[in-house]
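A short worksheet on the structure shown next.
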Amino acid sequence: MGHIWLIGMMGSGKSTIGRLVADRLRRPFYDTDELVEEAGDVSISEIFAEEGESGFRVREKRIVQDVASRPPGIVATGGGIILDSGNVATMRRSGRIVLLAVDVETLKRRLGHGGDRPLLAAEKDERLDTIASERRDHYRSSADVIVDATDSVDAVVAAVEAACNES
Ligand code: S3P
């Protein structure tokens, strides 16, 4: 039994779904964004402001390696985790990668003003279009399993659980 790594765009529901699945299966839950913030005692917005996206990616990669060696659980990742092929290799080695796939119009509605996400700080809808199309192939080629995450929370939780049972 390995980790279940949830990947997908900002707003695809990785943290919400991950927590629910972990509760139901009584497995640990990890959230890479939260762990990045805890490790540095600094918020993601501050990291982007002070070190840029590249500084954030270095910290994020360290967390992926750290989580990979922890007891098997459900991991909610940051949306850009798949941009680094080393991260994808680490995730694959330590478990299964499950993509929460959501169409971009749904993401725009869900994300409102973008929340506390530096990459969506300006022109949120345009940025989401660009990021979604740039990353589409990355997400699909990285995933072992693709779950339609526009469905109800219950249906998505059940689909992820099924993926866990096969792992
Ligand atoms: C990012 C997504 C964010 C966070 C950071 C960068 C991205 O996480 O890691 O703001 O590049 O898509 P969520 O996907 O949890 O919003």
Side-chain angles (χ1 to χ4, degrees), residues 3-23 28-68 73-91 95-143 145-150 153 156-157 160:
H3 286 310
I4 292 291
W5 296 88
L6 298 178
I7 63 167
M9 282 287 289
M10 298 173 264
S12 58
K14 295 161 293 192
S15 302
T16 306
I17 300 294
R19 253 179 239 287
L20 290 168
V21 173
D23 275 358
F29 172 70
Y30 310 106
D31 184 314
T32 61
D33 284 342
E34 278 179 17
L35 291 169
V36 166
E37 291 186 325
E38 278 170 30
D41 194 20
V42 60
S43 73
I44 290 175
S45 303
E46 284 166 329
I47 298 171
F48 270 74
E50 284 158 26
E51 303 170 13
E53 181 173 347
S54 59
F56 173 73
R57 298 296 172 207
V58 171
R59 290 168 180 261
E60 184 177 54
K61 184 166 188 153
R62 247 182 254 138
I63 294 299
V64 170
Q65 285 159 355
D66 170 46
V67 171
I74 317 301
V75 192
T77 64
I81 213 122
I82 39 75
L83 298 174
D84 183 303
S85 58
N87 285 345
V88 177
T90 303
M91 296 191 288
R96 283 184 131 217
I97 303 178
V98 177
L99 170 63
L100 300 187
V102 179
D103 66 275
V104 74
E105 295 309 318
T106 304
L107 294 177
K108 287 178 189 170
R109 274 198 307 277
R110 279 192 195 167
L111 284 165
H113 294 296
D116 190 19
R117 292 180 172 89
L119 292 180
L120 304 179
E123 298 177 332
K124 183 206 80 185
D125 285 2
E126 290 75 7
R127 292 289 298 139
L128 272 174
D129 283 330
T130 308
I131 295 171
S133 67
E134 282 171 357
R135 292 187 184 166
R136 191 172 192 280
D137 292 346
H138 273 106
Y139 283 130
R140 293 191 172 254
S141 63
S142 304
V145 180
I146 300 178
V147 168
D148 178 359
T150 35
V153 169
V156 179
V157 167
V160 175

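Remember, predicted model here, so these are calculated numbers, not experimental data. Counting starts at 1 for both ligands and their atoms, in listed order.
- Closest heavy-atom approach to atom 11 (O) of ligand 1 within the set Glu53, Arg57, Glu60, Met9: this belongs to Arg57.
- Closest approach of Ser12 and Ala149 over heavy atoms only: O-CB, 3.9 Å.
- Each of the following atoms of ligand 1 lies closer than 4.0 Å to a heavy atom of Asp33: 3 (C), 4 (C), 8 (O), 9 (O), 13 (P), 15 (O).
- Listed by atom number, the atoms of ligand 1 under 4.0 Å from Pro118 heavy atoms are 10 (O).
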Exercise for the section: Please step through side-chain contact (heavy atoms from CB on, under 4.5 Å) for the pair Asp33 and Phe56, ending with a clear verdict. Expected result: CA-CA 10 Å; Asp33 284 342; Phe56 173 73; 3.8 Å; yes
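- Those atoms of ligand 1 that come under 4.0 Å of a heavy atom in Lys14, given as number and element, are 13 (P), 14 (O), 15 (O).
- Residue, atom and distance of the protein heavy atom nearest to atom 12 (O) of ligand 1 are Arg135 NH1, 2.8 Å.
- Residue contacts with ligand 1, taken as heavy atom pairs separated by less than 4.0 Å, do not involve Ile81 at all.
- Counting only heavy atoms from C-beta outward, the side chains of Glu53 and Phe48 approach each other to under 4.5 Å.
- Under a 4.0 Å criterion applied to the non-hydrogen atoms of Arg117, ligand 1 contributes the atoms 16 (O).
- Electrostatic pairing of Glu34 and Arg19 counts as a salt bridge here, judged by a charged N lying under 4.0 Å from a carboxylate O.
- The pair Asp129-Lys108 meets the salt-bridge criterion, with a side-chain N (NZ, NE, NH1 or NH2) lying under 4.0 Å from an Asp/Glu carboxylate O.
- Between Leu6 and Ile74, the shortest heavy-atom contact is CD1-CG2, 4.1 Å.
- Residue, atom and distance of the protein heavy atom nearest to atom 7 (C) of ligand 1 are Gly80 N, 3.4 Å.
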